[in-house]
Structures are given as structure tokens and as C-alpha cells.
Amino acid sequence: MFNWFKNKFSKKKENDENKIEEVIEESTKKVDEAEISEPIFQKKTESHEIKNEPTFEKKVETHEEAFKNETIKTEVPEKKEEPVVKEVVTEEKHVEPAPKIETHEEIKEEPKQEVVQEKYEEPKKELIHAAVKKELENTNDEEELKDTKESIFKRFIKGVNKTRKNFSYQINSVFTENDIDDDFYEELEEVMVMGDIGASTTMTIIDILKERIIDKGIHKTSEAKELLKEIILEVMNEHIEDNYLHLEPSPAILMLVGVNGVGKTTTCGKLAYQFKQEGKSVAIIAADTFRAAAIEQLEVWGERAGVKIISQKEGSDPAAVVFDGLDYSIKNNIDITIIDTAGRLHNKVNLMNELNKVKRIIDKKMPNATMEVILALDATTGQNALLQVKEFKEAAEITGVSLNKLDGTAKGGVIIPIQYEEKIPVKIVGVGESIYDLQPFEPELFVNAIFE
Ligand SMILES: Nc1nc2c(ncn2[C@@H]2O[C@H](COP(=O)(O)OP(=O)(O)OP(=O)(O)O)[C@@H](O)[C@H]2O)c(=O)[nH]1
């Protein structure tokens, strides 16, 4: 696989690679500056930030040209490595030996889908939120219930603390006892743009605010604060049906995509743990085969979460790993299969080809699987995260975002344009490096928090 990439990027593209190296350096510097606590896995973060300029089109070729010029490799390599099915937990003793590769015809014959459908007659709409609910349900005592609710809220607040402190401080300086005038709108615009809400969404919000202020006959800026809060929530929800992870009925697949260093592997581990708490059977497919350390890192997470990791050696074809991994999930009736993909793809064409290839394997092997494609983003990159949503939306059918490292940044305002401009729901937020530091995203809680 590595050689294949090497061949693809012949001398013609050396200049691009040099530029990418510069971007990597710049991005590593940014991550260092981002006040993130000491990472569990000490490794070099090589984030390929997507710059404002239309990098891929300018430097290489247009997508259309690229598709014409590139031969999309779809076949599974002839000589395959025997997949390593790493058994981390001992509770599921019926584990099959290393999965045998079958033809697609053979797989079509398996009546797995019907069996699993029977298991869940009424699909639940939410999953990760259920973990929170369960926590509340298990609490009978009034006082304890109050404490549990508070602790859930506190955990979320802790995660958005930097954004909250920054935004609420700035916003309170705008809402005074002064009369509403042009200066007020200008100051508000500045605070919102600085808070990573982005120019376009900020303008929309301010235009609505202006209209409502006139309608309601408000004169003092302080009276407009509640209105702004209301409008931000409305705008955030305008194109969003809900913020839940939809992973029922089983079998379900959750594929994590995103550039490297944004927390994909960590999120895989955290999610696997949460799903296990829900009583689901879970497997993780290590399709990030570019880095041996990524596979090892995932194995550590697998051990913590108590789930199986299906992997092959470094450099294997990710599509082949997915092929084998899905075999394992089918045979073992796995409820949720998480696929950790690589972000180290040098341009959008390669990214598309790779993700399409994986998607085709999924469609063939588990055509009726419930599917979530979650884009992992690093919140510390602010508006760059928004650009990554734009880019990845063209490469894959993204169903939601996992905004990670929210605990280390004041740039959480980017959630608002992700939902409004890109129409993609933020479904989960990473608020730390431990296995518990993953929270379902609740727009209302978020807006309340940043205005607190
Ligand atoms: N503070 C904080 N750190 C996080 C969070 N999520 C991930 N990290 C850290 O970010 C770093 C990168 O995380 P990974 O999970 O390795 O990222 P990745 O996207 O899988 O990276 P590649 O394997 O290189 O593609 C690690 O040091 C993680 O511990 C989070 O929510 N908060």
C-alpha cells in the first residue's frame, strides 16, 4: 500500500509534498501552542491542515481530471496477509479463528440481517445519550438524582470551559445598559467572529437579531442578550434533525474519518467503551494501516474498553482489513463495528478513492447495516476544522462530527457554523484524553453554557 502511494506521488508531485511538509510543521506548532494537557500517547502529530486556498485544485489537478487520470484500485491484493484477530477480552470465548476470506457471493447467502432485525423490533433513536439516561434512571434518591444531573452538566461544562469563559466574558462586555446603536452591532459582530462563529453565520445571526429587536421594540442592549441566545440555538438547529448517534438496529457500522492527529483513534476507544457499557457487542477494525503505532495504540484502547481489534500489519491495504474485519463481525454477530481509518492521504482524490473503496466493501458485505460516518475534528484548529468539514463532505457521506480536544480550546464556537453552514450535526465532543471523556453533544446545553 505504501509503495502504491509512493508510485502515485511521482516526481511531478514532489513540490506538493514539500508544501505538505511545511503545513505539517506549521500544524504541529499550532497543536503545541494549544494548551492541551500531556497526551497519553506521546507521538508526533502530523496534521494535514486544509488551508483556505483551494490547495488540491491548484496544486495537483481538478477532481474531474484526477478521476480521469487515476485508476481506482478496487481489488483486494492477491497475496493477502493473514489477518490478526487480537482477542483482548476473555468474556467472548466463542471467537472464531482468523477470518477466512470469502467471495461476495458466499456472503450474500448469509441470512444475518433477518436474524439481527428480529433482535430489535423497535429501534431506539439514541445510543450514547442512553448512557446518560441510564445514569439518571439508576438513581432513585432525590438528592442523588440532583447530584447525578449536576455531575453530567459539570462534565460537559468542564469540556467547554475555555470556550465558555472566553465567549461569556466577551459577550457580557457588549450587553450593557447602553442604547442599541450601530456600535453595538459592530462590537457584537467582532466578538462573534473572534469566537470562531465565522463571518457568514455571524451575519445571519445579527440580521435576525436586528429584525427581532425592532419587532419587540427593545432599546437597551442588555435586553437583547436573551434574544441572541435564542437565535443562536435556532440557527444551530435549523438544518439539523437531531444530534444523536443512530446505531440501531444492529448490525451497525461507525466509520471514523478525518485528518491525522485529530483524535480518531482515541474516539474509537472512548466510543467502544461507551457502547460496551450499553451492553452492545463491539469490534474495532484498525484500517489506519499507515502507522504501526496507530495499530498498537488502538490495541491499548481495545484492552481498556474490553473489545476486539481486527488488524493486519502496517502498510496493508485498508480495504482488505475492512473486508476481513466485517467477516469477523458477521460471524460473531457484532452489534457495532467501529472502523478507524487513516487520515494520511495526500490529496482529496486519494482520500475519495480510499473511502469509496472501503464503502464499496461495506455495501457488499453488510448492505443493510445501519451506518454512521463520523468526521473527527480537532477543535483547537477553529475555522480550519470548518474547512475540513467542507472537504470531507465531498469525499464521503458524513453523517456527523466528533469535535475533539474541546477541553483545550476557546474555539468551540466553530460548532455553530458546522451545524448551520455545513448542515452536519455535531454528535459527540471529546473533552479530555481518558476513556470517559466523551460526551454527547446537546445544542441547548452548549448555548446555555457559553452564555453562563
Ligand atoms: N485534550 C484532549 N486530547 C485529546 C482528545 N482526543 C484526542 N486527544 C489527544 O490527541 C492526540 C491525537 O489523538 P489520536 O487519537 O492519536 O488521533 P488520530 O486522529 O487517530 O491520529 P492518527 O493516528 O495520526 O491519524 C493524542 O495525544 C490524544 O490523546 C480530547 O478530547 N482532548
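Predicted model, so just to flag it, every value in this text is computed and none were measured. Just follow the structure's listing: the first ligand is 1, and inside any ligand the first atom is 1.
Within a 6.0 Å radius of NZ in K165, no more than 12 heavy atoms belonging to other residues, nucleotides or ligands are found. By the neighbour-count criterion of 12 heavy atoms within 6.0 Å, atom CE of M194 is sparsely surrounded, having that number or fewer from other residues, nucleotides or ligands. Crowding of E190 atom CD: a count of heavy atoms from other residues, nucleotides or ligands under 6.0 Å not exceeding 12.
Where the criterion is an N or O separation shorter than 3.5 Å, residue side chain and backbone included, D407 meets it with respect to ligand 1. Considering backbone and side-chain atoms alike, D437 places every N or O at 3.5 Å or more from each N or O of ligand 1. Taking distance alone, with nitrogen or oxygen atoms compared against 3.5 Å, E433 approaches ligand 1 more closely than that limit. Looking at G430 next to ligand 1, an N or O pair under 3.5 Å apart turns up. Not one N or O of D340 is nearer than 3.5 Å to an N or O of ligand 1, by distance alone.
Using modelled atom types, one finds no donor on one side chain facing an acceptor on the other under 3.5 Å when comparing D378 with Q388. Under the 3.5 Å distance criterion, with hydrogens and angles disregarded, no donor-acceptor pair is assigned to the side chains of E444 and N448. N166 and K411 share no donor-acceptor pair across their side chains, judged by distance under 3.5 Å alone. No hydrogens or angles considered: a donor-acceptor pair under 3.5 Å links the side chains of N404 and T267. For the residue pair T399/E372, the side-chain donor-acceptor check at 3.5 Å is satisfied.
Within the 4.0 Å heavy-atom shell around ligand 1 one finds G432. Within the 4.0 Å heavy-atom shell around ligand 1 one finds V431. Under a 4.0 angstrom heavy-atom cut-off, K270 registers as being in contact with ligand 1. The closest approach between any non-hydrogen atom of A376 and ligand 1 is not below 4.0 Å.
Nearest-residue assignment for atom 19 (O) of ligand 1 (options K405, K264, Q439; heavy-atom criterion): K264. Nearest-residue assignment for atom 14 (P) of ligand 1 (options V257, L298, T266; heavy-atom criterion): T266. Atom 17 (O) of ligand 1 has its nearest heavy-atom neighbour, among S434, G263, G269, in G263.
Classification of K365 and D327 as a salt-bridged pair holds, one side-chain N sitting under 4.0 Å from a carboxylate O.
Close contacts of ligand 1 with D288, meaning ligand atoms under 4.0 Å from a residue heavy atom, involve 23 (O), 25 (O). Close approach of ligand 1 to Q297 (heavy-atom distance below 4.0 Å) involves ligand atoms 14 (P), 15 (O), 16 (O).
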